[in-house]
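Presented below is the structure to which this report refers.
Nothing fancy with the numbering, it's 1 onward along the sequence. All of these numbers come straight from a predicted model, not from anything done at the bench. We count ligands from 1, going down the list as the structure has it; atoms in each ligand are counted the same way.
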Amino acid sequence: MSPPRKLHIKSYGCQMNVYDAQRMVDTLAGEGFVETANADEADLVILNTCHIREKASEKVYSELGRLRVAREEAARNGRDMRIAVAGCVAQAEGDEIIRRAPVVDVVVGPQSYHHLPKLLARAAQGGKAIETEFPAEDKFAFLPQPKSDAIRARGISAFVTVQEGCDKFCTFCVVPYTRGAEVSRPVDKIVEDVKRLADNGVRELTLIGQNVNAYHGEGPDGRPWPLGKLLQRLAAIPGIARLRYSTSHPRDVEDSLIEAHRDVPALMPFVHLPVQSGSDRILAAMNRKHTVRDYLDAIDRFRQARQDIAFSSDFIVGFPGETEDDFSATLALVMQIGYAAAYSFKYSPRPGTPAAEMREMVQASDMDERLARLQDLIDSQQSAFNRAAIGATVDVLFERPARNPGQIVGRTAYLQPAHVMASADIIGQVLPVRIDGLERYSLLGELAAAAPARAARASSQTTIGA
Ligand code: 5AD
Ligand code: SF4
């Protein structure tokens with residue numbers, strides 16, 4: 001038997017790329033590949049790329065420069081290294097990637113990962129293989145599910161794609177072009193996947209989609225189910241202790257989602273709801289399809305359903321035409337809401353999007369200055385949110401041993417890392433922890449013998465879409 005071939009995947013960007021990378025590993029496991037953390041010794045390197053902002057997009061080319069050297073070194077040692085580019089840069093740039101970086105053998109868009117074995121076979125004949133179509137078939141029907149040991153190795157918290165693509169066409173955003181039109185997976189298929197995950201130790205699920213609350217997958221009754229109903233169904237699967245979902249759009253906050261927050265204790269009271277700007281003029285230019293008032297109304301409805309709910313958001317500063325007044329309105333909105341966490345970005349023109357044609361670019365120095373002011377405000381809110389946990393007893397789902405010997409790390413309802421001294425058998429359990437300290441973004445505490453706790457407060461994580 002020939003030795004297994006080694007596969008190295010490097011993912012950039014959002015949670016969906018993390019999920020997709022796992023699906024590629026599962027697909028290629030069937031072709032005799034095993035994963036390696038070391039790109040230099042790999043027989044196949046896949047760069048799973050992100051196109052959302054220019055900085056993210058350019059990373060792929062510097063990495064390809066490094067891989068060219070690694071490949072030459074491998075060749076000197078009589079070893080063949082193949083290089084594939086997957087993800088949203090692959091989708092957006094197609095054969096242009098090979099023109100710019102001839103070292104690349106395979107270019108594969110996010111809708112075609114189930115064709116990887118075929119594409120690699122073509123490349124093995126010495127050719128280049130490019131696939132960036134949006135095939136009519138459902139890729140999920142062809143992507144193999146992970147084996148039990150792969151699920152266990154990935155830990156107790158798992159992402160599950162329930163929806164992909166976006167029909168919103170915000171003027172700054174490449175997602176509708178790279179991920180295509182909105183598609184929802186059927187409820188039964190998701191339930192099947194989640195049962196397998198739960199049977200293999202998964203306790204926490206994050207349902208992901210670029211516009212996850214636009215979910216409308218076919219239910220077992222033949223009708224489209226909204227996200228709230230899907231969450232209710234998944235909460236009933238034995239073993240699932242926590243549910244989350246990301247990323248939501250303010251326009252698609254349906255009553256069923258609000259009801260799920262009211263009625264499903266496993267649904268965590270932490271919602272990522274990007275607003276992008278606090279100015280109605282800029283929201284209109286962004287084609288966000290909602291106003292500041294609509295956003296505040298959505299926030300109110302969540303808060304009425306669950307008092308302990310907290311929010312995170314995404315912001316873009318320096319969108320074309322953004323004035324100092326528009327930016328002040330963004331700061332005012334942040335002040336009004338009080339976020340547990342938020343991500344903010346300088347506007348980056350993306351080829352092919354309507355905003356890239358807009359003149360009235362904001363000067364780079366103004367963008368830098370606005371970003372710094374916004375980030376200071378967000379940081380102070382996040383710190384206050386984290387400090388508020390000190391002295392409280394909060395539920396923590398324990399995930400893994402921490403770097404410090406003897407410590408186990410888990411997360412609160414608000415995704416704050418929490419460290420305690422304990423034995424590793426608490427991994428996978430939700431236990432009350434008395435928080436007595438804070439180190440940067442991490443909470444420190446002790447296992448409390450007490451009755452079930454209320455959740456504490458804040459977060460960190462990359463987001464997708466919406
Ligand atoms: N420039 C800057 N930020 C962007 N985002 C999306 N497109 C752009 C762009 N062209 C941000 C949005 C989105 C997050 C995932 O990335 O805030 O919510
Ligand atoms: Fe869709 Fe979100 Fe991009 Fe807008 S920002 S086009 S809602 S993915």
Side-chain angles (χ1 to χ4, degrees), residues 12-18 49-58 87-89 91-92 110 161-184 208-215 227 245-253 271-279 282-290 294-295 298 311-322 327 330 333-334 339 341-358 361-362 364 366-368 370-371 374-375 378 459-466:
Y12 301 83
C14 68
Q15 299 150 338
M16 195 171 281
N17 267 3
V18 176
T49 59
C50 173
H51 197 54
I52 198 90
R53 288 171 291 274
E54 189 183 358
K55 241 192 198 162
S57 210
E58 282 302 313
C88 291
V89 177
Q91 187 62 44
T161 294
V162 300
Q163 177 278 335
E164 192 170 354
C166 183
D167 295 342
K168 293 283 189 299
F169 289 93
C170 298
T171 53
F172 53 80
C173 185
V174 289
V175 166
Y177 312 98
T178 58
R179 291 279 172 171
E182 228 174 82
V183 179
S184 296
I208 56 175
Q210 276 84 22
N211 227 192
V212 73
N213 60 331
Y215 177 83
L227 182 65
Y245 58 91
S246 187
T247 289
S248 298
H249 191 283
R251 227 176 97 115
D252 296 323
V253 179
V271 177
H272 184 60
L273 196 65
V275 64
Q276 315 295 356
S277 168
S279 154
I282 295 298
L283 289 176
M286 288 175 163
N287 189 32
R288 285 289 293 176
K289 304 183 168 80
H290 64 80
D294 297 334
Y295 184 78
F311 298 93
S312 62
S313 181
D314 294 340
F315 293 92
I316 295 178
V317 302
F319 186 80
E322 185 189 72
F327 177 67
T330 299
L333 180 64
V334 174
Y339 286 102
Y343 306 89
S344 42
F345 311 100
K346 284 190 272 186
Y347 168 69
S348 165
R350 306 309 294 128
T353 60
E357 308 294 312
M358 295 179 188
M361 278 296 281
V362 173
D366 288 342
M367 269 204 221
D368 289 339
R370 287 177 196 173
L371 186 72
L374 178 58
Q375 287 186 338
I378 291 166
S459 131
S460 71
Q461 210 154 62
T462 355
T463 66
I464 46 178

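- Which parts of ligand 1 touch Gln276 is read off a 4.0 Å heavy-atom cut-off, strictly below it: atoms 12 (C), 13 (C), 17 (O), 18 (O).
- For ligand 2, the atoms sitting less than 4.0 Å from at least one non-hydrogen atom of Phe169 are 6 (S), numbered in the order shown with element in parentheses.
- The shortest N or O to N or O distance between Arg350 and ligand 1 is not below 3.5 Å.
- Remark: ligand 2 atoms within the under-4.0 Å shell around heavy atoms of Cys170 are 4 (Fe), 5 (S), 6 (S), 7 (S).
- A heavy-atom distance below 4.5 Å is not found between the side chains of Val174 and Arg53.
- Only the side chain of Phe172 comes within 4.0 Å of ligand 2, judged by heavy-atom distances.
- Side-chain contact between Arg370 and Lys346 is absent, with no heavy atoms from C-beta onward closer than 4.5 Å.
- The side chain of Ile316, and not its backbone, has at least one atom closer than 4.0 Å to an atom of ligand 1 (non-hydrogen atoms only; side chain from C-beta on).
- Taking the side chain as every heavy atom from C-beta outward, Ile52 and Phe345 never approach each other to under 4.5 Å.
- Among the atoms of Cys166, no N, O or S atom is found under 2.8 Å from atom 3 (Fe) of ligand 2.
- Partners of Phe311 according to the ring-ring contact (aromatic ring centres under 6.0 Å, His included) rule, which considers only residues two or more places apart in sequence or in another chain, are Phe302.
- For ligand 1, the polar-atom distance check finds no N/O of Tyr347 at less than 3.5 Å from any of the ligand's N/O atoms.
- When non-hydrogen atoms are compared, ligand 2 lies under 4.0 Å from the side chain of Pro176 (C-beta onward) but not from its backbone.
- Separation of atoms CG (Asn287) and CZ (Phe172) is listed at 9.5 Å; rounding is to 0.5 Å.
- For the pair Phe172 and ligand 1, the shortest N or O to N or O distance falls below 3.5 Å.
- Because the distance cut-off is set at 2.8 Å, His249 fails to qualify as a neighbour of atom 4 (Fe) of ligand 2, as none of its N, O or S atoms comes that close.
- The two residues Thr171 and Ala285 come nearest to each other via the heavy atoms OG1-O, 2.9 Å.
- When the ring-ring contact (aromatic ring centres under 6.0 Å, His included) test is applied to Tyr347, the partners found at least two apart in sequence or on another chain are Phe319.
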- Message: Set out, in order, the CA-CA distance, both residues' side-chain angles and the distance that settles side chain to side chain donor-acceptor pair (under 3.5 Å) for Glu54 and Ser348, then state yes or no.
- Response: CA-CA 6 Å; Glu54 189 183 358; Ser348 165; 4.7 Å; no

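- Under a 4.0 Å criterion applied to the non-hydrogen atoms of Lys168, ligand 2 contributes the atoms 1 (Fe), 7 (S).
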